[in-house]
Each structure stands twice: as C-alpha cells, then as structure tokens.
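Before any comments, here is the structure.
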Amino acid sequence: MNAPTFDITRRTFLAGTGALVVSFTIPLEASAQEGEVPTAPKPPAKLQGSLADTPSLDAWIRIDADGTITVFTGKAELGQGTKTSLRQIAAEELEVAPGEIHLITADTAITPNEGYTAGSQTIQNSGTAIRYAAAQVRQILIAQASGKLGVPADQLKAENGKVIAPNGASVGYGELVSEQMLHINADPNTKIKSPDSYHAIGKPFARVDIPGKVTGGEAYVQDMRPDGMVHARVVRPPSYSAKLVELDETKIKTMPGVIAIVRDGDFLAVVAEQEFQAVKAMRAMTTIAKWQEQAALPDQEQIPAWLEANVSEVGTVTSVGAETAAGVKTLSAQFTRAYQMHGSIGPSAAVAVFKDDALTVWTHTQGVYPDRKAIAQMVGMPEDKVRCIHTEGSGCYGHNGADDAAADAALIATTLPGRPVRVQWMRDQEHLWEPYGPAMLTRANATLDEKGTIVNWHYDLWSNNHGTRPGSAGSLIAGRLMAKHFPPDAAKLQISPLGNGDRNAIPLYDVPNQRVNWHFLADMPVRVSALRGLGAYCNVFSIESFMDELAEAAGADPVEFRLRHMKDPRARKVIEVTADKFDWNNDPLPAGKGRGFAFAKYKNHAAYLAIALEAEVDAETGIIQISHVVSAVDCGEAVAPDAIVNQTEGGILQSMSWTLYEAVHFNNTRITSPDWSSYPILRFSAVPDSIEVHVVDNPGQPYLGVAEAAQGPTGGAIANAFKHATGKRLCDLPYTRERVKTTLGA
C-alpha cells in the first residue's frame, strides 16, 4: 500500500467565511403594537449532528465539474462498516447509487474535526451531518437547474447525478456547480427525504472495506509499503517505572541492515532496511539493555480493597426522590471486574515520514486531530506542520496501542528525514503496554415493597477515568519515556450524559428513589484507558445481575419483572421481541443448564438492546458453554441492517470473551500477561451454535449508536444463566474455570 495522495487542498471550516452577515436587534417592547403583549421569539433551529461544530457545506460535500461526488467525514472506519453506511446516507439524499460516492475519512488536512470515533456515535453524529448536508446540496442543485432549464424547482427531480425536467431535459450535477456554491453554512431547517422514498438507506449493500481484508489485499496500516520505507522496532522497558541505566550500542550498530539506533531518555528503537533485520536487532538490544526496576504495583488479589482505599473524591451521578423508602425486603450485592485488554489480534503499527519540515503520520488512531496535537507537542512542531491520516488497523475497540505506535513512528521519523518509517509492535509489547480497561468495584442495594416493586435503589461504583486518550504528549508512551518526559494528564472526575466509568450506572428502569455515586480514583496502578463501552460493561453486568436477584426475591419471572419496571415503549418492544424469538419460558431444563436475560439502553440515550441465551455449566471442568443466543436491537432508523447485525454479533462474542476468560495479571513489579497463553480469549470452539439478531427498525427516527450496545447485556445474561443453571450467583468477572469450580465447590 503506497502512501496516498490527494488533489484536495485544505478547506476553511470557519463558520461564515466568505459570507456577509448583517444583523440587528429590535427590543420586543419596541416592536409590539400598542396594546399588544410582546411574545418571545421562537428559539432558532439547531444544526443537526456534527454540523453544529462544522456548519460549512463544503466541509462535508464536494462536487467536481465531471460530476464526481466526494463526501468527507471526521470519523474513522474501525470495522463498523462506516465507509459503507455513510455512503448509503449521502447517496440517499443526493439521489445517486452508493458506489458513486467517494468517501474520505479522518484526515487532519482535509476532513472536519469530529474528535474521536468512539461511543457508537459515528452514524448518530457524522451520519446525521452528512445526511442534512447532502439534502441541502440536492436542493441547491435543483435550484441551480431551475434557472438553467427554465423550469420551476418544484417540477424538477434529482436522479442518478442529474436534475431532470418533466419533458426529459436534464443537466448533470457537474454542470451546475461553481467554485464557491457550497461554501455556505448549513440550514437547520433543511428537509430530508421520507422513508417511503428510500433507495439506499436500509437496503443491503456490500461492505466496501471487506474485499481487501478477506483476500489478503492492502487493507490495513500494517500493509503499507511506501517507496523508500525503512523498518523500526521499539525496545520497551520491562516495567512501567523501569529506568535505562546501561546500553552498549557497539554490537547493534554493526548488525546487518541497521541504519540507526534512536535513544531519547528511556525511549529506545532500532531502524533497519528490512523488517527481520530490525526484529533481530531489537532482540539483541533487549538482551543488552540494563534497566533499574522497582516494585510499585499492589497485590492483584486485593484490588477491590485497593480501589476502596484510594478514592480521591465522590461524585453524584444521580439523586432522585427520597433517600430511603419503606418496603418489606432489602437486598444488597457486590460485583467486581478485573483489568482487561483490548487484545487486538494484529499488533499496533504506524507509518510516518518527516519531509520538508513537515511530519505526516498514517495511523489507526480513533482521533486524528487529538493525536496530531499530542504528537506535535511531543516532537516540538507546530500543529499545522503535522498531518495525521487515519488508515485502518487490524484491531481496535477503544484506546489500544494505535496512538502510541503513531508516536513511536513520528519520533523515529524526525531522526531520519525523507525516509518513511514503519513501526510494528510485537505481540508482547501490545499485551504489556496497551492501556487496559479499568478494574471496577460496584455495590447495589434495593428495597422491594409488598407488591414486589422496587421502591428504592442505591448504586455505588469505584473506578478511575476510563479515557486517557491524547490529550497531550503525556498520554503517549514515547512522550513519557523521552528525556524531556511529558507527564500523564491529571485524571479528573467528569460526569456527563455520555458517561465514563459511570456509563449506564443509572438503570433505565422506573424506580422512584435512586442514588448513584461514583467513587473516583485519580490514579491507578496500571495503565488504563477506554475499552469498548467504558464503564457500561461492568455497570450493566452488575445491574442486570441484581435485577434477577430482585426478581427472584419478588417471586417474579425475570422478563416480567423487567417489564413491570419499564414504561419506555421502545425498551419494552426489544424486551418482548427477544423473549418471543427466544421462546422464553419457565419450563425446567436439564441439570447444569440455565437461561439468562438482560437489557440495557446504551448510555441511556443510544441503542436499546435485549438478549436471552442458554448456557451449560460443567461443574467438574468449570467450563461454561453458551449454546443459543437471541437478541433484539433498536437503533432508530436502520441505515445498514446487515452492519447492525454484524456489530451486535461481534459485541456479543467479545463480551462472552471478557465475561468467561479475560483478566490481566501482574506481580508487584511487572505485567505478567505477555501472550495468548497468559491472557486467553474466546476461541472458535466456544462460539455459540446459533446467534440471532433481530433489528427493530424505526424508519424516520434519529440514528442511535449501536456498536457497543451488546457488551453489558451479554455479560449480564451470562451471569443470570449461570445462576439459573447452578443456583449460585457469581459476582466477579471473569467467570474463569478456576473461579467457577471454586464457586460450585463452596
């Protein structure tokens, strides 16, 4: 894969550029006629999605004289099918086939700044922006054609890249455009098409990113091979706080193919002409380098106690109704989650080149603009001299090693002007140095009245910040290891609708009296950051496990109990569809088998998802086998139903892996999970016999993020199936074979 080139110059994204806006205000009292009571004007309509931050139409859509349509998004393709879904959305409003859309994803030189591709917000924010921008562009083209064809605009229609009159006369989009025609701000009152006229949205289209991935083609940043490229490998310290005390470079410099050794403080790397030459030099350097280490990690077996003992402040996530309410039965439970990896199958990689005092980085970061800021600070360059171009990588699910690999490549490239530098991490480096999903402790307490209704709910969680993405140079491994030493950004307690460690800590169920508190830790013993779903996975696992305990105490069926506490009709619908498709019932099952059910609305404002599954628990081996899974999901209007199914299936499997296998291990000095044997994940033999995903479509409704919706409910459903199968509640993640055997043998 050669370094891509573009014939598009950077466009100005500042609102109003090139337009003259004149405004003045008349006081309400002055404008009212005598005897009239002045009324406040209606608030102005708001721009939709990411248009609110980048309102200029030409930041999103460009049409060339030859009719070529280019759509820009600040979001990245991470395997969710973004490159296909966004084409469908744009094609729908521009009245062309999706294949006619040329889509450019996150690139700091030419696309809007949409922050991070995270939180299942791509279609919700970028897709919405593109849709309204495309609808307005279509209307502008029709208005232009009206003048050219001499036909009223309301008699014209757009079709296949042309505007057509009733008599058959037509004019192509390319013939209608002028240089500054789209350099205007979006109109918040733009009308979009109605669902009954769709030709692209909701229809099946082949994923454009799949062919290269399944044929071994050029699909990932790992595949890039620009002309003149050299290979680099980094040498990491053996532990977080280790300091380099000795390095004899003599032998390394004479090894075949070695071009350079890069040493900056505790940052070490070697560069060679060929990849395996770099690998051999890295291994030799690893043996030669001498480090000073210190024991700085707590007892892994005491992490829940460590969390409680190191709280820096407590934040109120919600406080509704009375502090307490009278009832007849009160239940309490405690749950824990271990540190967990992203476990990207393909170790992180990046390519960078420093040329003509400018630095270009091809990276699988989820935020090209934040990554550019951090890298520019790290290498001491102005931001406008650093360009970050998103290039797909074979692994993601949050803040993994992609940003760090980009920083490694950038730092090394500045020492070798003119030569593209490819950095590829090794497996142990990925496992030992990626930012992990944080360990968590949660406690739930609830009271039931005589009717078996929840009247009081208290929920507490212990966790640190789940997002330490760039950021500053201190969020990058290279930045921390350099002699200049950029410190990590200070962690802050931030409670917002998007959620963090507190994501989904507020149950969607109807409970009149609720208290939810986040016991925040500013520091954590190991490196942590965003892992898919953030705190939602553990919080939903905890809440849904506890809901089954409450249902049992109330003598109610788990599904009926949830419906009893749910007014939201869309939530009820996915619960009912799941129960129906699964054939949920209370018929007895063979010994060791159990059913589990769970539900959540991701972030309480994204997709609704319910799941039911059947599990078999082997008490002798500790193995839990999931046999049959049924899920229903409502993410508003379904742009690409197959992609929704793909994402949900993937989320279910990944959550199964987290719930049954995954935990990072460490001693008092080092991480001790450097490979797949010490950090096992779900294997093909453990995949359920069947997974059904039913998409509950809502045409015309706003898009709701879906990619991470399955994580929490899947963990909760497995927990509840285990309890149903064994009669015992296992409250600590993951459900390893050893833990299962211990629980059942107690």
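These values consider heavy atoms only, across backbone and side chains, with no hydrogens, waters or symmetry-generated copies.
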Flag for [Y]-[X]: side-chain donor and acceptor within less than 3.5 Å:
X	Y	answer
His342	Glu434	yes
Ser655	Gln711	no
Gln80	Thr82	yes
His628	Asp689	no
Gln429	His431	no
Glu662	Ser657	yes
Arg729	Asn720	yes
Gln424	Gln222	no
Ser673	Ser678	no
Tyr397	Gln654	no
Tyr436	Gln340	no
Thr672	Asn667	no
Thr714	Tyr537	no

Whether over 12 other heavy atoms sit under 6.0 Å from Glu620 CD: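 Counting neighbours around CD of Glu620, 12 or fewer heavy atoms of other residues, nucleotides or ligands fall under 6.0 Å, so no.
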
Do the charged groups of [X] and [Y] touch, with an N to O distance under 4.0 Å?
X	Y	result
Lys213	Asp209	yes
Asp404	Arg527	yes
Glu392	Lys83	yes
Glu308	Arg443	yes

Positive for side chain to side chain contact (heavy atoms under 4.5 Å, CB included) with Ser85, one of Thr122, Ile644, Ile123: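 The residue from Thr122, Ile644, Ile123 that satisfies side chain to side chain contact (heavy atoms under 4.5 Å, CB included) with Ser85 turns out to be Ile123.
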
From Thr318, Asn517, Leu534, Leu461, residue fulfilling side chain to side chain contact (heavy atoms under 4.5 Å, CB included) relative to Asp502: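 Of all the options given, the one that passes is Leu461.
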
Glu549 and its salt bridge (Lys or Arg N to Asp or Glu O under 4.0 Å) partner, picked from Lys329, Lys728, Lys723: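 Exactly one pass, corresponding to Lys723.
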
Option passing salt bridge (Lys or Arg N to Asp or Glu O under 4.0 Å) with Arg562 (candidates Asp548, Asp510, Asp557):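 Considering Asp548, Asp510, Asp557, a salt bridge (Lys or Arg N to Asp or Glu O under 4.0 Å) with Arg562 is found only for Asp548.
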
Donor-acceptor check, side chain of [X] to backbone of [Y], threshold 3.5 angstrom: yes or no?
X	Y	value
Arg572	Leu563	yes
Gln514	His458	no
Thr447	Gly327	no
Asp449	Ile454	no

Counterpart residues, ring pair (Phe, Tyr, Trp, His ring centres under 6.0 Å), relative to [X] (two or more places apart):
X	value
Phe520	Trp518
His565	Phe561
Tyr608	none

Close aromatic pair by centroid cut-off 6.0 Å: Phe546 and Trp457: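 Yes, the ring of Phe546 comes within the 6.0 Å limit of the ring of Trp457, centre to centre.
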
Aromatic ring pairing Trp462/His519, orientation class (parallel under 30°, perpendicular over 60°, tilted between):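 Ring orientation, 0 to 90° scale: parallel.
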
Derivation of the side-chain contact (heavy atoms from CB on, under 4.5 Å) call for Tyr661 and Tyr735: CA-CA 7 Å; Tyr661 305 102; Tyr735 285 18; over 6 Å; no

Atom of Val540, atom of Gly712 and distance for their closest heavy-atom approach: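 Closest approach of Val540 to Gly712: CG1-C, 3.4 Å.
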
CA sep, side-chain torsions, deciding dist, call: Glu430, Ser348, side-chain hydrogen bond (donor to acceptor under 3.5 Å, both in side chains): CA-CA 7 Å; Glu430 187 78 34; Ser348 296; 3.0 Å; yes

Check against side-chain hydrogen bond (donor to acceptor under 3.5 Å, both in side chains), Asn585 and Arg595: CA-CA 9 Å; Asn585 60 71; Arg595 304 181 189 90; 2.9 Å; yes

